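Contents: one structure, followed by commentary.
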Amino acid sequence: MGWFKRLKDGIQTATRNKKEAPEGLWYKCKRCKETSTVKELRENFLKCPHCNYHIRIGSHDYFDLLFDGNFEELFDDLRSKDFLEFSDLQPYHKRLDDAQKKTSLSEAISVAVGKVNRRKLIVAAMDFKFIGGSMGSVMGQRIAQAIDHALETRTPLMIISKTGGARMMESAFSLMQMAKTSAKLSELAKAKVPYFSFLTDPTTGGVTASFAMLGDINFAEPEALIGFAGPRVIKETIKRDLPEGFQTSEFLLEHGFLDFIVDRKDLKSRVGDLLALFAVKE
Amino acid sequence: MVFLDFETPLEKLYEQREKLQQVSEEGDIDMSAAIKELENKIKNTRKEIYSNLTGWQKVQLSRHPERPYTLYYIHQMCRKFVELHGDRYFKDDKAIVGGIGNIDGQTVVILGHQKGVNTKMRQYRNFGMANPEGYRKALRLMKMAERFNFPVVCLIDTPGAYPGIEAEERGQAEAIARNLFEMAQLKVPIVCVVIGEGASGGAIGIGLGDKVSMMENTWYSVIAPESCSSILWRSWDYKEQAAEALKLTADHMFDFGIIDEIIKEPLGGAHSAPEEMAKILKRHIKKSINELLEMTPEERIEARINKYANIGVYDVVKEEEKVEETES
């Protein structure tokens, strides 16, 4: 007879008390379920070494992948505000607090300026972990300021999208960020400063329907979900199954909305090439 | 007449009046005094109901089956109007209509979402949910307006851009994004009015303008209250709460500085007096166009972009506070 006896059957821990496995040593691929070490992952440009699945990474991972070394973060002083006192199952201000604590980020987008293969680039990159990478006033404003900075310094701009779309808790304000960012981009285009839109898994909703589709060059990571409406909404509307490969990067490339798809290991050199090709000799 | 659930007291009064009228028509009893009294009561009850509408009730009104739609207003406002079709690439979308018309001597390009007036037509119009070709048709007409220096009028009334397989294949997102980008730089005045539902990207896809207004009983939001309820509350039953939380009425939008004006509707809503509503809308459009024509194209574009650049609410923290944040 054992020393301990299980008194109650099943798992007793509530989901909210569940301990996340510590990040740092092992990674289990979401797609092929193979396990690899984080070191292997890092050496493979944060892709699964077994199946090349591009795992969802954060803004600072992209900064590290792209920039030659140092970079400077910009507009980090803007914070979202629960202006509408929006509350669903929990108040918006609590969601914001939780997201900030969980991610140690101030918002769902970070902007940085640095050099890619010795050429200057402003990069605005999103974090899906921060309320689904959703676009509220702060995302709109950071993008607007990034565009202003690009205009003033005539530096090319790259936006890396990874988002569910507009942030419902900011209602019409989030909707208006579509108009705001697109209007600002029209100024950038007029000034002939290049804008590269890089779409990663996932890019949907109001972000796709504004700045993400407006790049001089639109390109994506392999197999990313990209669309206007989410697949679940479409399925519910048309009441039939969606074709295989629907709304993937490859689907968008085939239908003419992307210029190319780039593997993460080639990202830096491809962006470097673009910067070199677009650079006009003074 | 169609009565909404919150109009039940009104419906009962109407029934009473009808009965009295029948009695007085059939017999010798004079009911005119009683009918008059009842009519007064109807008027007061209506005033009372309509002065305290909730967000959800306004959503219901914006979807009232008898509410006038874009083509009705166009034909009421324009002495001459020629409808134009097709995006020149794929097909003619039936959920966005548009053409060239004349409002009291001023030629305009006028376009908007169109819903159907009966079951068959509602299907034909895809319930006012446009596909990419609808947005591209709208853009084609706006570009033509720009070439000939005609002001553009956009009437917004959609439950959203259509979420379908073909819409994605043909680039729903790109079509909306392109319109926003091009409308920001359009050289002619753009006057937008939400005449019914203003749902999300489908609405703003023809909604970026110099002057954006909403009729009194309409709404404008990033998402329809039902969908918001289903996503955030994980149930379809919280649409009333969602409608309140989204603060989507014309009053809210005006207070937030997102729209420029609220257009009053006749008592009882646009559908209770459509001709009067069309007259009010026409006055509003004429006044707005005249104001905007005072500016040069460059001034308009600059003001337009600045207006949108200023929409957003956020805090700016100082360096010291940032440190505190990371410590706490």
Side-chain angles (χ1 to χ4, degrees), chain A residues 76-81 83-84 86-89 100 104 106 136-138 140-141 144 166-180 182-187 189-190 205-206 208-214 226-230 233-234 237-238 242-243 246-247 251 255-257, chain B residues 160-165 167-178 180-185 200-201 203-205 207-208 220-223 227-229 231-234 238 241-242 245-248 252-253 256 258 304-305 308-319 322 325-326:
Chain A
D76 191 33
D77 55 345
L78 305 174
R79 294 290 180 282
S80 290
K81 191 170 167 178
F83 180 68
L84 304 175
F86 192 100
S87 189
D88 47 273
L89 294 176
Q100 278 162 0
S104 321
S106 60
S137 295
V138 168
Q141 182 63 16
R167 187 173 290 172
M168 275 174 277
M169 302 78 149
E170 292 192 27
S171 194
F173 282 99
S174 71
L175 180 66
M176 291 300 146
Q177 303 311 308
M178 292 171 67
K180 173 170 172 169
S182 306
K184 293 294 289 186
L185 279 177
S186 73
E187 292 286 272
K190 211 156 77 173
T208 323
S210 57
F211 56 84
M213 275 291 149
L214 293 173
I226 302 168
F228 172 65
V233 175
I234 299 174
T237 308
I238 62 169
L242 303 175
F246 180 62
Q247 293 186 311
F251 174 91
H255 284 90
F257 294 100
Chain B
Y162 187 63
I165 292 181
E168 296 288 323
E169 284 174 347
R170 297 196 289 275
Q172 188 73 287
E174 194 274 345
I176 292 171
R178 186 65 48 202
L180 295 173
F181 185 85
E182 295 288 343
M183 289 174 91
Q185 295 286 338
S200 193
I204 204 160
L208 192 156
Y220 205 167
S221 164
V222 70
I223 188 166
S227 317
C228 181
S229 159
I231 297 172
L232 291 181
W233 278 266
R234 304 203 179 99
Y238 295 86
Q241 282 96 318
L246 286 166
K247 300 200 163 59
L248 41 61
H252 284 124
M253 292 299 120
F256 297 153
I258 289 177
R304 194 187 294 155
I305 292 176
Y308 284 98
N310 284 325
I311 298 180
V313 184
Y314 46 83
D315 284 326
V316 182
V317 295
K318 296 188 190 81
E319 281 304 317
K322 266 196 230 169
E325 261 178 36
T326 45

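Residue numbers begin at 1 in each chain, while the letters A, B, ... track the order of the sequences. None of these values were measured; they are calculated from a predicted model.
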For chain A, which candidate among [options] shows the most heavy-atom pairs at distances under 4.5 Å?
options                                : answer
B/His252, B/Arg170, B/Met253, B/Arg304 : B/Arg170
B/Ala184, B/Gly312, B/Gly205           : B/Gly312
B/Glu182, B/Glu168, B/Met183, B/Glu174 : B/Glu168
B/Ser221, B/Ala309, B/Gly201           : B/Ala309
B/Ser200, B/Ala177, B/Ala245           : B/Ala177
B/Asp315, B/Ile305, B/Ile176, B/Leu248 : B/Asp315

Using non-hydrogen atoms and a 4.5 Å limit, figure out which bit of [X] sits close to chain B: side chain, backbone, both or neither.
X        : value
A/Phe173 : both
A/Thr208 : both
A/Phe251 : side chain

### Query
Would you say A/Ser186's side chain and A/Ala183's backbone share a donor-acceptor pair under 3.5 angstrom?
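Here the side-chain-to-backbone pair exists.
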
Choice from [options] maximising heavy atom contacts with chain B below 4.5 Å:
options                      : result
A/Leu84, A/Ile238, A/Leu214  : A/Leu214
A/Ala179, A/Pro243, A/Ser210 : A/Ala179
A/Ala212, A/Gly227, A/Ser171 : A/Ser171
A/Ser137, A/Ala209, A/Ala229 : A/Ala209

Pairwise distance [atom1]([X]) to [atom2]([Y]) - rounded to 0.5 angstrom:
X        : Y        : atom1 : atom2 : result
B/Trp233 : A/Asp88  : CH2   : CG    : 5.0 Å
A/Lys190 : B/Gln185 : NZ    : CD    : 4.0 Å
A/Ser80  : A/Met169 : OG    : CE    : 10.5 Å
A/Phe86  : A/Arg167 : CZ    : CZ    : 12.0 Å

Quick check: closest heavy atoms across [X] and [Y], and the distance to 0.1 Å?
X        : Y        : answer
B/Tyr220 : A/Leu175 : CE2-CD2, 3.5 Å
A/Met176 : B/Ile258 : CE-CG2, 3.6 Å
B/Arg178 : A/Met213 : NH2-O, 3.9 Å

### A/Glu170-A/Gln177 side chain donor-acceptor pair, cut-off 3.5 Å
no

Is chain A contacted by the side chain of [X], its backbone, both, or neither, given a heavy-atom distance below 4.5 Å?
X        : result
B/Ala161 : both
B/Leu232 : both
B/Ile165 : both
B/Leu208 : side chain

### Message
Could you work out, with side chain to side chain donor-acceptor pair (under 3.5 Å) as the rule, every residue matching B/Tyr314, not counting sequence neighbours?
### Response
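Checked B/Tyr314 against side chain to side chain donor-acceptor pair (under 3.5 Å); matches are A/Gln141.
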
### Residues forming a ring pair (Phe, Tyr, Trp, His ring centres under 6.0 Å) with B/Tyr308, sequence neighbours excluded
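B/Tyr308: no ring pair (Phe, Tyr, Trp, His ring centres under 6.0 Å) contacts found.
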
